[in-house]
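Written below as structure tokens is the structure these notes are about.
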Amino acid sequence: MDPTYDPAAVERAAQEHWRALEAYRAKENDPRFPKGKYYVCSMLPYPSGKLHMGHMRNYTLNDVVYRFMRSSGYNVMTPMGWDAFGLPAENAAIEKGIAPAEWTRANIADMKAQFAPMGFAFDWSREVTTCDPGYYRWNQWLFLKMLEGGIAYRKTQVVNWDPVDQTVLANEQVVDGRGWRSGAPVEKREIPGYYLAITRYAEELLDEVTNDLEGWPEQVRTMQENWIGRSEGVRFAFPFELDGKSERLWVFTTRADTIMGVTFVAVAPEHPLARALAEREVARGARRLQTFIEECKRGGVADAELAALEKKGVATGFFVEHPLSGERVEVWIGNYVLMGYGEGAVMGVPGHDERDFAFALRYGLPIKQVIALGEEAFSPTEWKPWYASTEGSRCIHSRSPDGRYDYDGKSYQEAVDAVAADLAALGLGEKRVQWRLRDWGISRQRYWGTPIPIIHCDACGAVPVPETSLPVLLPEDLVPDGTGNPLAKDERFLACSCPKCGKPARRETDTMDTFVDSSWYFMRYCCPGAETMVDARTEYWMAMDQYIGGIEHAVLHLLYARFWTKVMRDLSLASFGEPFKRLFTQGMLLAHCYYREDANGRKRWFYPAEVEQQFDERGVPVSAVAKEDGKPVLYGGIEKMSKSKNNVVEPGTFIRQFGADSARAFVMFAGPPDQSAPWSDASAEGVHRFLRRLWTFCHEQRERIAAAPRSVPPALDAALKKTRHELHVTLQQALFDYQRMKFNTVVSAAMKMLIALETARELPAEPPASAALLREGLGVLLQTLYPVAPHIAHALWVELGFAEERGDLLDAPMPQPSEAALRQDELELVVQVNGKLRGRVTVAAEASEEAVKAAALADEHVRKFVAGKPVRKVILVRGKLINIVV
RNA sequence: GCCCGGGUGGCGAAACUGGUAGACGCAUGGGACUUAAAAUCCCUUGGGGGAAACCCCGUGCCGGUUCGAAUCCGGCCCCGGGCACCA
């Protein structure tokens with residue numbers, strides 16, 4: 001055994017050992033694992049080319065779960081793949097002039113090589129690359145099935161349009177309302193596209209996320225619930241006449257109880273009525289409405305952008321009829337009304353809706369109070385939150401002029417019911433459940449994605465590509481130039497014949513949203529090489545037992561994957577409707593950043609390695625200087641690792657110096673895995689010191705351990721007993737923390753175990769008992785540490801002879817705390833007086849309540865604080881504390 | 001703007017269901033070893049007061065519930081994630 005810890009040698013040897021065994025190759029129904037399967041998977045990475053410490057943290061988490069579950073007796077499988085389609089490859093192509101395919105494949109090779117030294121337990125035989133035709137053909141195939149089943153359909157969508165580059169822009173590519181390359185103001189443009197009817201599954205998606213997904217974080221469940229957004233309300237119509245025709249303007253409201261407070265209606269700029277009124281106005285020679293609608297087209301389509309807009313509107317001078325009061329209500333066009341939600345029109349009740357209130361104040365519209373809450377005073381100039389209250393509210397001034405409809409005195413629910421019934425009787429409305437969720441638009445006017453398998457024929461229209469002609473291959477040699485979609489300029493791709501009539505036709509040039517790729521890749525991992533989309537092996541591994549990924553995917557990806565799974569279930573491709581039993585959302589890895597500003601205010605960011613931090617005598621960081629010139633740099637705080645701030649920490653250098661185990665252990669130790677944590681070289685070296693100390697200790701003790709008895713004798717002296725107690729309490733906590741995925745405290749536990757054992761080394765106990773305890777303790781320590789730092793654990797496990805006795809660490813069962821070691825004869829209790837800590841007493845474990853009280857009151861320190869005052873109450877918390885209230 | 005999180009020493013954090021705030025680690029200061037440095041080891045380290053025993057204050061801010069609050073409730077401030085074409 002090498003007396004000094006050489007991580008490179010240790011890691012090479014351990015990896016070679018497990019490679020030779022093909023240790024991570026998972027087989028269905030493997031008889032070695034009677035507890036059954038366990039499928040753990042991390043969200044697949046985008047192959048950007050550079051692996052950073054953030055990846056390291058994510059996949060270490062995954063690996064720790066793998067190893068812990070395997071040590072617990074499960075047939076564990078963990079795969080890896082690449083989310084290979086997407087925008088960054090096109091951007092790289094524009095910048096470097098190389099085809100996205102080439103760039104992407106080179107990146108994958110690079111990243112795979114960078115993964116190698118980390119020792120992750122991936123079963124690479126299951127690798128999925130989403131830009132491979134063997135994968136994306138099934139996106140196309142399922143899309144065709146969805147078309148057949150009516151789940152996929154075509155309608156218009158609104159996109160960001162760059163008028164200079166003649167290109168559709170992603171929201172990300174719109175910066176301050178302008179195209180990021182051209183700088184031209186972005187416009188909204190309507191174009192046709194394909195949609196998937198996720199709203200058909202809204203009820204089920206909501207119901208299951210609320211009631212069934214108990215293994216999911218509460219916050220993600222809440223976010224999805226709110227996203228799906230079920231609301232009960234009333235859909236009703238304002239009748240009107242236009243050009244002699246009777247028409248209806250439909251709206252949806254959750255506040256039908258305020259219907260008598262309507263003083264205007266607002267429609268979206270894209271609403272057919274808005275267009276009709278604008279055209280009518282143009283015919284009369286005015287362009288006020290047209291101008292406003294044009295104005296609303298400015299800017300992008302991102303909801304965050306729209307929501308932040310100043311609420312503006314324009315009166316149309318056109319009136320509709322209030323369905324109950326019969327009053328004339330003016331139609332406005334409002335920039336805040338979304339065509340995609342509800343009916344694209346809303347009733348305006350300024351008295352009881354904050355947004356309408358502000359709108360009415362701005363444009364001098366009447367504000368009518370129709371709800372009262374107790375004695376609260378209503379002011380038409382100042383908004384108060386109770387105006388929108390539904391609890392304890394009563395309708396007032398809610399009587400139609402003809403007296404036919406009267407809701408005065410009714411509560412929220414009574415009024416809603418009555419209004420809905422009255423509208424229904426008129427045939428002008430009914431109760432309705434409205435979803436916030438919108439159908440999923442999957443068409444992208446981009447090259448690097450799955451081609452949508454449609455052929456456009458002048459005679460037959462949009463014709464699906466026959467199943468037998470799949471996959472529609474994406475040409476891999478095109479180089480986008482930032483204007484338009486290169487597929488639309490590629491004659492080889494475009495030219496085809498209509499599957500229906502055989503005449504020359506054109507291929508659809510839109511590709512699919514990359515969320516399609518990530519909606520089912522985890523099922524494909526289960527069945528490498530399958531000739532169908534999925535097969536029986538998928539049924540074995542799915543549903544996934546533990547899914548791990550970033551919180552940023554809480555809604556979109558996770559909702560789409562759930563939807564996709566349900567569609568597959570309904571097509572009899574899966575027996576399960578929910579893909580992920582347990583979900584863990586990991587936090588980001590952050591890093592310090594440093595900069596200097598030049599005369600023009602431009603920032604130059606320094607790599608952390610170029611900077612030296614200086615501290616005052618109390619350890620408070622005071623300033624940082626650049627190593628190159630010794631002059632100060634400014635501290636930019638702890639930020640998300642990004643290229644632009646030069647604070648991306650790459651694992652390579654650290655691993656070469658300190659080893660993968662140190663890097664793995666530190667990223668686990670840095671903080672709770674579900675929260676963001678900063679990378680720090682100094683702290684990481686601290687973890688490395690721990691591993692080195694462990695190695696040295698094992699080396700020192702190896703002969704004593706070799707000669708030690710295999711089990712700890714039942715009778716131990718007090719000092720050994722105490723050490724063993726500490727060890728097993730720590731083990732118990734570590735096992736609990738493994739289960740709840742708090743791996744930071746697992747690393748702490750391993751450190752505490754080493755401290756306890758180092759202390760035990762000094763104990764003057766009789767040699768065999770203390771050697772036996774050391775042996776037991778190191779065995780426990782190595783197994784506790786193993787999932788986090790597998791290589792060093794493996795090496796020491798072998799060196800200390802555990803492998804010979806108990807087999808390979810991979811499959812050695814996790815140790816369990818011993819009841820005997822956990823038991824204590826005496827307990828130390830904290831004594832509080834009026835809730836403040838005033839003393840401690842040691843009592844026998846099974847001492848009676850009376851005896852404990854007596855002991856506490858006898859403590860001289862406690863007596864000082866009780867000091868003759870009458871004891872009003874004594875609270876005893878078993879095994880913890882006693883509180884004396886005086 | 002809307003939805004969801006988070007805020008504890010100089011720093012990363014711990015405290016499992018309301019019960020000893022700061023485990024474990026980093027950094028800092030002091031010391032040992034060394035010709036020296038590195039490495040290693042030991043001690044100190046929330047703030048204030050005190051010679052000491054010990055006392056007071058302290059978990060973003062304000063208020064409440066409780067024998068007892070980092071933890072529960074109400075209000076506020078700040079930071080982060082998402083908002084449907086970044087992945």
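Below, read A as the first sequence line, B as the second, and so on, with proteins coming before strands; counting in each chain starts at 1. All of these numbers come straight from a predicted model, not from anything done at the bench.
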By the 4.0 Å heavy-atom rule, please label P672(A) as base, sugar-phosphate, or nothing.
sugar-phosphate

Classify S683(A) by what it touches in the nucleic acid, base, sugar-phosphate, or nothing, heavy-atom distance under 4.0 Å.
sugar-phosphate

If you check every side-chain atom of N744(A), which of A14(B), C86(B), U20(B) has the closest atom?
A14(B)

Dump the pairs, protein N or O against N or O of nucleotides 49-59 of chain B, anything under 3.5 Å, distances to one decimal.
unit_1: C55(B); atom_1: OP1; unit_2: H861(A); atom_2: NE2; d: 3.3
unit_1: C56(B); atom_1: OP1; unit_2: R838(A); atom_2: NH2; d: 3.2
unit_1: C56(B); atom_1: OP2; unit_2: R838(A); atom_2: NH1; d: 3.4
unit_1: C57(B); atom_1: OP2; unit_2: K836(A); atom_2: NZ; d: 2.9

Can you check whether N226(A) has a side-chain N or O nearer than 4.0 Å to OP1 or OP2 of C4(B)?
yes

Among G68(B), A84(B), C16(B), the one nearest R740(A) by side-chain distance:
C16(B)

Which part of the nucleic acid, if any, lies within reach of L437(A) when heavy atoms closer than 4.0 Å are counted: base, sugar-phosphate only, or nothing?
base

Given the P atoms of A21(B) and G30(B), what is the spacing between them in whole Å?
32 Å

Between the base of U40(B) and the side chain of R689(A), is there any donor-acceptor pair under 3.5 Å?
no

Using the C1' atom in both, what is the distance from G68(B) to G6(B), to the nearest Å?
26 Å

What integer distance in Å separates L590(A):CG from G81(B):P?
9 Å

For the side chain of R693(A), starting at C-beta, report the closest nucleotide among G25(B), G19(B), G5(B).
G25(B)

For R840(A), answer base if it contacts any base atom (sugar-phosphate contacts may also be present), sugar-phosphate if it contacts only those atoms, and nothing otherwise; contact means non-hydrogen atoms under 4.0 Å.
base

Nearest whole Å is fine: how far is C2(B) P from Y336(A) OH?
16 Å

Which whole-number value in Å describes the distance from Q224(A) CD to C83(B) P?
13 Å

Selected nucleotide, minimal atom distance to R692(A) side chain, candidates C16(B), C4(B), U40(B):
U40(B)

Is there a side-chain hydrogen bond (donor to acceptor under 3.5 Å, both in side chains) between N139(A) and W520(A)? Walk through the geometry before answering.
CA-CA 9 Å; N139(A) 291 345; W520(A) 70 281; 2.7 Å; yes

P gap between A51(B) and C72(B), integer Å
42 Å

Write down the distance separating the C1' atoms in A13(B) and C24(B), rounded off to the nearest Å.
8 Å

What contact category does V555(A) fall into here, base, sugar-phosphate, or nothing, at under 4.0 angstrom with non-hydrogen atoms?
nothing

Sugar-phosphate, base or nothing in reach of W227(A), heavy atoms under 4.0 Å:
base

Determine the contact category for S443(A): base if any of its heavy atoms lies under 4.0 Å from a base atom, sugar-phosphate if only primed atoms, P, OP1 or OP2 are that close, otherwise nothing.
base

To the side chain of I875(A), which of G19(B), A14(B), G81(B) is closest?
G19(B)

Just compare A87(B), A15(B), G19(B) and give me whichever is closest to any side-chain atom of T514(A).
A87(B)

Select one nucleotide: of C67(B), A15(B), G81(B), the one nearest the side-chain heavy atoms of K873(A).
C67(B)

How far apart are the C-alpha atoms of V886(A) and N834(A), what are their side-chain angles, what is the distance that settles it, and do they pass the side-chain contact (heavy atoms from CB on, under 4.5 Å) test?
CA-CA 7 Å; V886(A) 294; N834(A) 288 345; 3.7 Å; yes

How is S680(A) classified with respect to the nucleic acid when contacts are heavy atoms under 4.0 Å: base, sugar-phosphate, or nothing?
nothing

In whole angstrom, give me the gap between the C1' atoms of C67(B) and U20(B).
16 Å

When you check the side-chain N and O atoms of T745(A) and D737(A), is any donor under 3.5 Å from an acceptor?
yes

Sugar-phosphate only, base, or nothing, as touched by V168(A) at under 4.0 Å among non-hydrogen atoms:
base

Under 6.0 Å from the ring centre and within 45 degrees of the ring axis: does the NZ or CZ of R838(A) meet both conditions for the six-membered ring of F865(A)?
yes

If we take the P atom in both G63(B) and G50(B), what is their distance in whole Å?
29 Å

Are any of N834(A)'s side-chain N or O atoms less than 4.0 Å away from OP1 or OP2 of G68(B)?
no

Pairing donors with acceptors under 3.5 angstrom, does anything connect the side chains of D2(A) and W695(A)?
no

In terms of ring plane angle, is the pair W440(A) and W564(A) parallel, tilted or perpendicular, where the classes change at 30° and 60°?
perpendicular

Which one, G68(B), G12(B), U20(B), comes nearest to the side chain of A670(A)?
G12(B)

Provide the distance between the two P atoms, one in U17(B) and one in U71(B), to the nearest whole Å.
14 Å

Any idea which of C86(B), G81(B), C83(B) is nearest the M588(A) side chain?
G81(B)

Report which part of the nucleic acid Q675(A) touches: base, sugar-phosphate, or nothing (heavy-atom distance under 4.0 Å, all strands).
nothing

So what does F669(A) touch, heavy atoms closer than 4.0 Å: a base, only the sugar-phosphate, or nothing?
base

C3(B) versus C56(B) - spacing of their C1' atoms, nearest Å
44 Å

